[in-house]
Amino acid sequence: MDVTLPLMVLGVILLIHLTFVNINIGLGFYSVILRWRSISNTEAAKPSRKVFKFLVATEVVSGVYGTMITVVLAGFWPTLVNIATIILFIPLLISIIGIILRLTSIAAYWYTWDRVGARIHLAVGLVMAFSGLMIPAGFRYIFAFISSPVGLTSLNPISGNIIEALMNPLYPPLLLHTFFGALSIGFLAASAGLAWSSKIDKTVERWSGYASLIGGLMIVPQGLAGFWFWSTLSFHSPYLFASLTRSFLPTQYPSTDVSYFFLGMVLLSILILVLGIVHYYQPSRRWTAYILAPLSIAALVFGEIAHDIGRLPYMVIVGDTGVPVEIFINRLLFIEPSLILSGVSAILFFTAIFIALLYLYLIKGIIGES
């Protein structure tokens, strides 16, 4: 089987999943912040509920696509799954625990609202918010590993040192970059939702401004973490580093040039920072909040494309070269490309319908609710 189609399928599903996961993480934190603020200012209780409803609605999409990723990886990329489960067992366990805590605490946070003391409810909310960070905390080890396979000793048979794998130097900056990026996207999504809601309820306008300010300012630590990750790549994954910098820092010439996606991500981030501050000072201009959410998603997409496509034609990078993608594909799987495309098209079609229904729900449940 040609690797192009499986790569495209995995890439599309992964991008949709990551978009909604990042939105959910940030929404969870902002809802808890507003809940904490509502202890001394009851006005903050309403936007806190609105943001949490937004979270619950979008959690469904991220969960469904997370399941799809598992199926695609197991079907098309079994070697990569084997490596991850053998060498990265501890990080994957952290993610699984995080998923369980996240889903349980989301339900508990909703059903205990106004049924227990505010401080107890806030404690439940903190579990809900921080358990969301556990999910990328585990899975980002996979991304760090395929950029620098620390701990891998053999591919045939697959073997490695699971403790050494935890010491991957790419992991800390990549994780911090992910955390701050998720908070930024989620806060900016909350800002857009609350800005729309302010059409009929002016009391939530100020909270839209606060969300845009925090989401915009998160670009600063995210950028610092991103620079740390970028500079670390130059030592531990020079092939990917060269792919990211080919057009403006041509130290070598890899097969793939993703430098324009990388630069696009940087420019979008600067624009997000500026517009986030602008909306804070002028929250009545709702269009800035409406623009910020898609801009943050575009920056995420550009960054993921640069990071993932920049490794091609390799799947796992080892210094200036790597292990070709073909090594990881399931050669025993014989499915007509037309059948795969039909299945993916059907999935995307129904996802579009669901997002349209989600849009209508948000209008009624978040915007239309006074």
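The distance from atom CZ of Arg49 to atom CZ of Arg35, rounded to the nearest 0.5 Å, is 8.0 Å. Trp77 CH2 to Asn82 CG: the interatomic distance, rounded to the nearest 0.5 Å, is 14.0 Å. The OG atom of Ser184 sits 4.0 Å away from atom CD1 of Ile219, with the distance rounded to the nearest 0.5 Å. Note that OH of Tyr141 and CG of Leu175 are 8.0 Å apart. Values are rounded to the nearest 0.5 Å. The structure places CD1 of Ile100 at 9.5 Å from CE of Met134, a figure rounded to the nearest 0.5 Å. For the atom pair CD1 of Ile272 and CG of Leu217, the computed distance is 12.5 Å after rounding to the nearest 0.5 Å.
The cationic atom of Arg286 (NZ for Lys, CZ for Arg) does not lie both less than 6.0 Å from the six-membered ring centre of Trp196 and within 45° of the ring axis.
Between Tyr239 and Thr321, the closest side-chain pair of non-hydrogen atoms is not below 4.5 Å. Between Phe29 and Leu183, some side-chain heavy-atom pair lies under the 4.5 Å cut-off. You'll find the side chain of Leu92 reaches within 4.5 Å of the side chain of Ile142, heavy atoms only. Leu126 is not listed as a side-chain neighbour of Ser105, based on a closest heavy-atom distance of 4.5 Å or more. Counting heavy atoms from C-beta outward, Ile16 and Leu348 have side chains that approach closer than 4.5 Å. Between His279 and Ser191 there is a side-chain heavy-atom pair separated by less than 4.5 Å. Between Leu7 and Leu312, some side-chain heavy-atom pair lies under the 4.5 Å cut-off. For the pair Ile23 and Ile297, the minimum side-chain heavy-atom distance is below 4.5 Å.
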Original post:
Between Ile120 and Thr112, does a side-chain contact (heavy atoms from CB on, under 4.5 Å) hold up when you go through it step by step?
Top reply: CA-CA 9 Å; Ile120 295 176; Thr112 58; over 6 Å; no

**OP:** Any chance you could lay out the side-chain contact (heavy atoms from CB on, under 4.5 Å) test for Asn22 and Leu18, step after step, and finish with the verdict?
**Re:** CA-CA 6 Å; Asn22 280 272; Leu18 290 176; 4.1 Å; yes

Original post:
Are Val150 and Phe145 close enough, and set up right, to give a side-chain contact (heavy atoms from CB on, under 4.5 Å), and what steps lead you there?
Top reply: CA-CA 6 Å; Val150 175; Phe145 179 86; 5.8 Å; no

Original post:
Checking side-chain contact (heavy atoms from CB on, under 4.5 Å) for the pair Leu133/Phe179: CA distance, chi angles, key distance, verdict?
Top reply: CA-CA 7 Å; Leu133 296 180; Phe179 279 174; 3.7 Å; yes

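Of the possible polar contacts, none joining the His177 side chain to the Ala225 backbone as a donor-acceptor pair under 3.5 Å is found. The main-chain N or O of Gly276 is found under 3.5 Å from a side-chain atom of Ser212 such that the two form a donor-acceptor pair. Distance alone, capped at 3.5 Å, places no donor-acceptor pair between the Ser147 side chain and the Ser237 backbone. With Tyr171 contributing its side chain and Ala137 its backbone, the two residues share a donor-acceptor pair below 3.5 Å. Counting only distance, with no hydrogens or angles, the side chain of Ser131 and the backbone of Met128 share a donor-acceptor pair below 3.5 Å. Ser208 contributes no side-chain N or O that, together with a main-chain N or O of Leu194, makes up a donor-acceptor pair within less than 3.5 Å. Put simply, the side chain of Ser269 gets close to the backbone of Met265: a donor and an acceptor are under 3.5 Å apart. With Thr288 contributing its side chain and Leu275 its backbone, the two residues share no donor-acceptor pair below 3.5 Å. A donor-acceptor pair is defined here as one N or O able to donate and one able to accept, closer than 3.5 Å; no such pair exists between the side chain of Ser31 and the backbone of Leu27. When atom types are taken as modelled, the side chain of Ser48 and the backbone of Ala44 share no donor-acceptor pair closer than 3.5 angstrom.
No side-chain donor from either of Ser243 and Thr256 sits under 3.5 Å from a side-chain acceptor of the other. For the residue pair His236 / Ser148, no side-chain donor-acceptor distance below 3.5 Å is found, with atom types taken as modelled.
Ile317 and Leu14 fall within the same hydrophobic cluster, where Ile, Leu, Val, Met, Phe, Trp and Tyr residues are linked whenever their side-chain heavy atoms come under 4.5 Å apart, directly or through other members. At a threshold of 4.5 Å between side-chain heavy atoms, the hydrophobic network of Ile, Leu, Val, Met, Phe, Trp and Tyr places Leu152 and Ile90 in one connected group. Val278 and Leu213 fall into different hydrophobic clusters, where Ile, Leu, Val, Met, Phe, Trp and Tyr side chains are chained together by heavy-atom contacts under 4.5 Å. Cluster membership for Phe139 and Ile162, using ILVMFWY side-chain heavy atoms within less than 4.5 angstrom, is shared. Val21 and Val127 end up in different hydrophobic clusters when Ile, Leu, Val, Met, Phe, Trp and Tyr side chains are linked at under 4.5 Å.
A 6.0 Å sphere centred on CZ of Phe130 holds no more than 12 heavy atoms belonging to other residues, nucleotides or ligands. Other residues, nucleotides and ligands place more than 12 heavy atoms under 6.0 Å from the CH2 atom of Trp113.
The aromatic rings of Tyr210 and Trp207 sit tilted, their planes meeting at an angle between 30° and 60°. Between Tyr30 and Phe187, the angle of the ring planes lies from 30° to 60°, which puts this pair in the tilted group. Taking the six-membered ring where the residue is Trp, Phe302 and Phe261 present perpendicular rings, their angle passing 60° and hence far from 30°.
Between Leu240 and Gly310, the closest heavy-atom pair is CD1-C, 3.7 Å. When all heavy atoms of Ile329 and Glu326 are compared, the pair lying nearest together is CG2-O, 3.2 Å. Annotation for Ala118 and Ile39: closest pair CB-CG1, 4.1 Å, computed over non-hydrogen atoms. Shown here for Ala144 and Leu170, the closest heavy-atom pair between the two residues is O-CD1, 3.9 Å. The shortest heavy-atom contact between Leu188 and Ser296 is CD1-CB, 3.8 Å. Ile106 approaches Phe52 most closely through the heavy-atom pair O-CZ, 3.4 Å.
For the side-chain hydrogen bond (donor to acceptor under 3.5 Å, both in side chains) test, residues two or more places apart in sequence or in another chain that qualify with Asn24 are Thr58, Glu59, Ser62.
The ring of Phe20 has its center no closer than 6.0 angstrom to the ring center of Tyr65. Here the two rings, on Tyr290 and Trp287, have centers that are 6.0 Å apart or farther.
In this structure, Arg37 does not pair ionically with Glu43, as no charged nitrogen and carboxylate oxygen lie closer than 4.0 Å. In summary, Glu304 and Arg140 engage in a salt bridge, as defined by a charged side-chain N under 4.0 Å from a carboxylate O.
When each of Leu73, Thr70, Ile86 is tested with Val81 by the rule side-chain contact (heavy atoms from CB on, under 4.5 Å), just one qualifies, namely Leu73.
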